Amino acid sequence: MPQAVALTDPSPRSSTRLPDWSAMIGILLICLVVFQGIDNWLDVTTLGLPSALIMIAIVPYLLVRGGKVGRLFVMLSLLTAAVALVRLEDAPALLKEALIRAAFFQAFLTAVFTLQEAASRSESINRVGLFLISQPLRKQSVLTLIGTNVMALMMNMGSLVMIGTLARDRMASDDDGATGATERGWMTAVAAIRGFSPSVTWSPLALPPVLLSSLYAGVSLTETMMIGLAISLVIFVVSCLFTFGQATAILRKGTTPFVEALALPVSSVAKLIALLITIFTAIYFSAHQLDMSTSAAVIVIIPVTSCLWLIFGLHHSIGTLIEGPLKNMVFQRLPSQAAETSVIVSAAFLGPVLVKLFPMQEAAQVVVSAHLTGAWLLSLIFLATIALAMIGLNPVLTSTLVVAIIGDPATFGVTPINVVAVLLTAWALAAQFSPYTGTAAIVSRMFNVSPVRLIFVQNGPFMVLSLGIALTGIYLIF
């Protein structure tokens, strides 16, 4: 029977000694979190300039260490900035605004990723993860989906890394020497990505609600999160039912080997639930009692929570905390995560610049002249967001352009929150319907399978069902 062991660092690059400049990048990222936390909490706008300069300083690192798509987006950002300098009179002010916007996104992601350091070392999370993937196929598939969804609230994409690592090691120790290409491996992989995606629509640690609520002045983050929670529940229930049926169909073939199930680690589950309640309560209290936005609360509270978790939860002293987890987090994990999320941050930079460069008024006029009904407009927004994500265009950029093009949603008989709801749904589904997303890249790497086959073959039937349900819902509601 597999034993629970603490994972020191689930990152695939954890064993690689990074060059010295990665340490400098990590320090710059911590400075960025501090600057953005103070700026967004106390409205110290003078910190915008140093934040923008930090973003410029990390560009060479992103060009070298980022993935193929990430490097492409960084180069596209540089090219777009050059074009803006040539064509726009207000280019310096616009580029500064875009850099500050990208800095906020980078700081938000960096703050969330600090929680991964403590989570990856937690024996409780490790035990829960082993429980999830050490069950009979049908139970394992549904529990992996549920567990990944809950863990994503704390670990973001780190939940996929942890589940993938545990599942890979667990299957390799089975009598049949299973790999990611087996039926159990495929089911674990698709269950993980289906579990992760619903969390992005409502979690205070997720980026989509923060971005989308900022696109319309009359839409609050709280309202966006409540709508996102309802969307998340629908996606989650449909995902569980489909995954259960898919696993049942595989079991009827009689080709799945027996797996000895582990008992539920009740104490570990209770600790994680208590931690989640504490984190969300702290964010809620800060946002409502300290006159702090929810996003600012995340940037301030999550790094502090990570340190406290390491000290009190994992029993580190200040000395061992600095020499161990904090050193690993600043010098390795955060620079590596910045490279892997460069697509999102680049898209955040590109949004306001492209809005100024492209003839948005003409595009908006074309859309208005088409006399689209609200249902048709929202359906097109939904399909366009997912289709563009399938070819590598991040929803961060798509959402910004969509809002700029359609102008006032009332023209089409819909409200801003309707547009936000559709974009949230498309964003969540795009996370598991595109081979170019971080979720597909991580899961395919963990299980050593093709991301294209993972998304379009193994997850294809669920994709068709989900798109059909979403479009039907848009038609019936609007």
Side-chain angles (χ1 to χ4, degrees), residues 32-45 47-48 51 100-116 119 149-159 196-233 275-309 341 344-345 348 351 395-396 399-400 403 416-417 419-421 423-425 427-428 431:
L32 184 64
V33 170
V34 173
F35 291 162
Q36 285 295 300
I38 296 174
D39 186 5
N40 285 275
W41 181 12
L42 304 176
D43 196 26
V44 183
T45 55
L47 293 176
S51 297
I100 293 175
R101 185 172 188 259
F104 168 77
F105 277 66
Q106 185 64 73
F108 185 89
L109 291 170
T110 301
V112 172
F113 286 138
T114 62
L115 199 60
Q116 288 188 19
N149 182 269
V150 175
M151 290 182 183
L153 300 178
M154 291 185 292
M155 300 177 67
N156 203 281
M157 290 186 183
S159 62
F196 174 81
S197 65
S199 68
V200 307
T201 65
W202 74 275
S203 170
L205 307 188
L207 195 57
V210 176
L211 169 69
L212 296 178
S213 62
S214 70
L215 297 179
Y216 288 108
V219 177
S220 68
L221 179 57
T222 300
E223 184 181 15
T224 303
M225 289 171 58
M226 291 299 100
I227 293 293
L229 179 59
I231 294 169
S232 176
L233 289 174
L275 178 62
L276 271 176
I277 293 174
T278 301
I279 291 174
F280 285 5
T281 301
I283 293 173
Y284 179 85
F285 174 83
S286 300
H288 290 78
Q289 301 298 324
L290 300 181
D291 194 24
M292 185 187 303
S293 68
T294 303
S295 55
V298 169
I299 293 175
V300 172
I301 288 173
I302 295 304
V304 175
T305 301
S306 303
C307 293
L308 293 177
W309 189 1
T341 56
I344 298 175
V345 177
V396 171
S399 301
T400 305
V403 171
I417 195 62
V419 177
V420 168
L423 287 172
L424 275 174
T425 306
W427 203 323

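Nothing here was measured: the structure is a model prediction, and the numbers come from that model.
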Could you measure the distance from the [atom1] atom of [X] to the [atom2] atom of [Y]? Nearest 0.5 Å is fine.
{"X": "Leu276", "Y": "Thr281", "atom1": "CG", "atom2": "OG1", "result": "10.0 Å"}
{"X": "Leu212", "Y": "Met225", "atom1": "CG", "atom2": "CE", "result": "13.0 Å"}
{"X": "Thr294", "Y": "Asn40", "atom1": "OG1", "atom2": "CG", "result": "11.5 Å"}

Does [X] reach the side chain of [Y], with side-chain heavy atoms less than 4.5 Å apart?
{"X": "Phe113", "Y": "Ile302", "answer": "no"}
{"X": "Val420", "Y": "Leu215", "answer": "no"}
{"X": "Leu115", "Y": "Ile279", "answer": "yes"}
{"X": "Leu423", "Y": "Pro395", "answer": "no"}
{"X": "Ile301", "Y": "Ser286", "answer": "yes"}
{"X": "Ile344", "Y": "Phe108", "answer": "no"}
{"X": "Ile299", "Y": "Phe104", "answer": "yes"}
{"X": "Arg101", "Y": "Leu211", "answer": "yes"}

Can you see which heavy atom on [X] is nearest to which on [Y], and at what distance?
{"X": "Gln36", "Y": "Ser51", "result": "NE2-OG, 3.0 Å"}
{"X": "Pro416", "Y": "Val219", "result": "CB-CG2, 3.8 Å"}
{"X": "Ser199", "Y": "Ser232", "result": "N-OG, 4.4 Å"}
{"X": "Ala421", "Y": "Ile227", "result": "CB-CG2, 3.7 Å"}
{"X": "Gly48", "Y": "Ile100", "result": "O-CG1, 3.5 Å"}

Short side-chain donor-acceptor distance under 3.5 Å, Ser220 and Thr222: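 Ser220 and Thr222 do not have a side-chain donor-acceptor pair below 3.5 Å.
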Under the side-chain hydrogen bond (donor to acceptor under 3.5 Å, both in side chains) definition, can you give me all pairs with a residue in residues 204-219, not counting sequence neighbours?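 For residues 204-219, and leaving out neighbouring residues, there are no side-chain hydrogen bond (donor to acceptor under 3.5 Å, both in side chains) pairs at all.
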Extract all donor-acceptor atom pairs below 3.5 Å that involve side chains of residues 201-210 and protein atoms in other chains or at least two apart in sequence.
| unit_1 | atom_1 | unit_2 | atom_2 | d |
| --- | --- | --- | --- | --- |
| Thr201 | OG1 | Pro198 | O | 3.0 |
| Thr201 | OG1 | Gly228 | O | 2.7 |
| Ser203 | OG | Leu205 | N | 3.1 |

Look at atom OH of Tyr284 and say whether more than 12 heavy atoms of other residues, nucleotides or ligands are closer to it than 6.0 Å.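 Check fails, neighbour count at 12 or below.
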